[in-house]
Amino acid sequence: MAKVENQEVKGLTGDQAVAYALLNIDPDVVPAYPITPQTIIMEKFSEFWADGLVKTELVHVESEHSAMSAAVGASATGARVFTATASQGVALMYEILFIASGSRLPIVMAVANRALSAPINIHGELTDQLVTRDAGWVSFIGEDAQEAYDHTIIGFKIAEYPEVSLPFMYGLEGFIVTHALEPVYMLDKKTIYDFIGEFREPSNWVFAPGNPGAQGLLALPDYYMELKYQQEQGMKNARKVIPKVLDEFGEITGRYYHEVEPFHMEDAKYAFITAGASSGTAKAVVQRLRSKGEPVGMVKLRTIRPYPDEQLSELLKDLDGVMVVDRSVTFGSPASIQATDLASALLKHRKFPRVLSSAIVGLGGRDITEKDFEGLYEQLKKDVQEDVSRTHWWGVRI
Amino acid sequence: MSDKTPIDIKSWIREQWGASKLPPGGVVPAPATSLEYKTGEWREFKPILDDEKCTGCTQCYFICPDDAIKMDDRFHPIFDYDFCKGCTLCVEICPVDAIKIVKEVK
Ligand code: SF4
Ligand code: SF4
């Protein structure tokens, strides 16, 4: 497809950007339950719906568990389905997340990433999404409102690829992305339809009149493993489909995205690995350190699942030190959530930096500032000097 | 796939279909395939009717959770042993003890 010139620009928050993408996608069914900081996605979308701008069946459910259950039911009929949630909402959906992926239903869900209770907190953190990494969803994390807008569209395209047929979730960090106003370039309805297709083409059997069959069945030890293997094949296919889709999207919009996005990695000795909103801050710091002659780069991670292990190990091999800057928390683990994934990736490909440290930062929405990155860079150099990989609770008062 | 598509569900089992052949998502794209799956094989106890005692009250018919009882024209039960799992609910509900239970021998 040719590049769309003169894309309309609007000042939008991340949440509004998602709603505006949905306006032109016009999904068949949207079951949703409000939760901060996702609320504005659905508020704005409900306005569009009330004004008759979308034909969507909007289902007001009584919980996130029901939202995802309704999404599963609707998607099983071949409908194009969207929902959005955050934090405790993701946690309440947890059971049904596995049913969506196990049933191979290409549901798309926005996660307005927010810290998990207790203590209750409404601010940005990626843990809610990262803990679903084993649920069989294709999982992206975005940096800003534009990426939230774009991922909404890209998500449907990837999920609905017949050889993928997996649900897709994408994160936008609470408040930092969901509520901050930024210019967002938008696409018209026709371009979106040409890109993802006007209707979902079911790649599998679906519930429909005159089409009897059954879904959500029992599979005992004699078949369960084969069906799980199919899901892994879907993920494998997603590895091939994702770069293709991102490329196509780039051709239309001029915005070329990648699973991993290296920045100043040429001849770097040290690198940050980031995901989400803090990537912008990291870029500014890397740029400045580079101008002072420091051999530092960074890699922004977009895809959490499937994990881009090959690309990362290629980028990070032979480095002196890598610092995974992780806005999430896990307890009793060998390292942060993202660092453990990265460690297995490096081990798999047998390509290693000398030191792989991680930093648990910005929990519960605490700011991750340029000063933090500067400090983390000094810390990384120290870890390399002492030849130890560490996990740092960065900026915590002890 | 329409309801007219013939589907030999037994072949899935006979030929031990693998991941590349099984329909994705664990669906069965055909109706009423449970008829091919004889749950009666699980039975440990077998209900047997004493036709003399039966009054045709139909209570056993209604309580059977597996729809494994049909009725003859006198409303006496006929057990479908392909699907009777031997739960003995019919035995318990019969007001005149017209159904006895024997250990299944296979
Ligand atoms: S034993 Fe149970 S399953 Fe069998 S006929 Fe009686 S009620 Fe039905
Ligand atoms: S419950 Fe007993 S008496 Fe009534 S129909 Fe069944 S077998 Fe006959």
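Chain letters run A, B, ... following the sequence lines, proteins first and then strands; every chain starts at 1.
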task: Check whether the side chains of A/N237 and A/Y161 place a donor and an acceptor atom closer than 3.5 Å, and report yes or no.
output: no
message: Parallel, tilted or perpendicular: which one describes the rings of B/W12 and B/W17, with boundaries at 30° and 60°?
response: parallel
task: Would you check, one step at a time, whether the test side-chain contact (heavy atoms from CB on, under 4.5 Å) holds for A/I141 with A/R302?
output: CA-CA 5 Å; A/I141 289 179; A/R302 182 180 307 279; over 6 Å; no
message: Can you confirm whether the side chains of A/S139 and A/Y170 place a donor and an acceptor under 3.5 Å from each other?
response: no
message: Surrounding CE of A/M225 (heavy atoms of other residues, nucleotides or ligands, distance under 6.0 Å), is the total greater than 12?
response: no
Only distances under 3.5 Å count here; give the side-chain donor-acceptor pairs of residues 66-74 of chain A to other protein atoms, sequence neighbours excluded, each with its distance to 0.1 Å.
from  : atom 1 : to    : atom 2 : distance (Å)
A/S66 : OG     : A/E62 : OE1    : 3.3
A/S66 : OG     : A/E62 : OE2    : 3.1
A/S66 : OG     : A/S63 : OG     : 3.2
A/S69 : OG     : A/H65 : O      : 2.7

query: Just checking, is any N or O donor in the side chain of A/R305 or A/T132 under 3.5 Å from an acceptor N or O on the other one?
result: no
- prompt: Where along residues 38-48 of chain B does a heavy atom come under 4.5 Å of chain A, listed by residue number?
  reply: none
- request: Could you tell me whether A/E57 atom CD has more than 12 heavy atoms of other residues or ligands within 6.0 Å of it?
  value: no
message: Suppose a student defines contact as a heavy atom less than 4.5 Å from any heavy atom of chain B. Which residues in residues 82-107 of chain A would they list?
response: A/G102, A/S103, A/R104
query: Which pairs count as ring-ring contact (aromatic ring centres under 6.0 Å, His included) when at least one residue sits in residues 211-249 of chain A, sequence neighbours excluded?
result: A/F195-A/F249
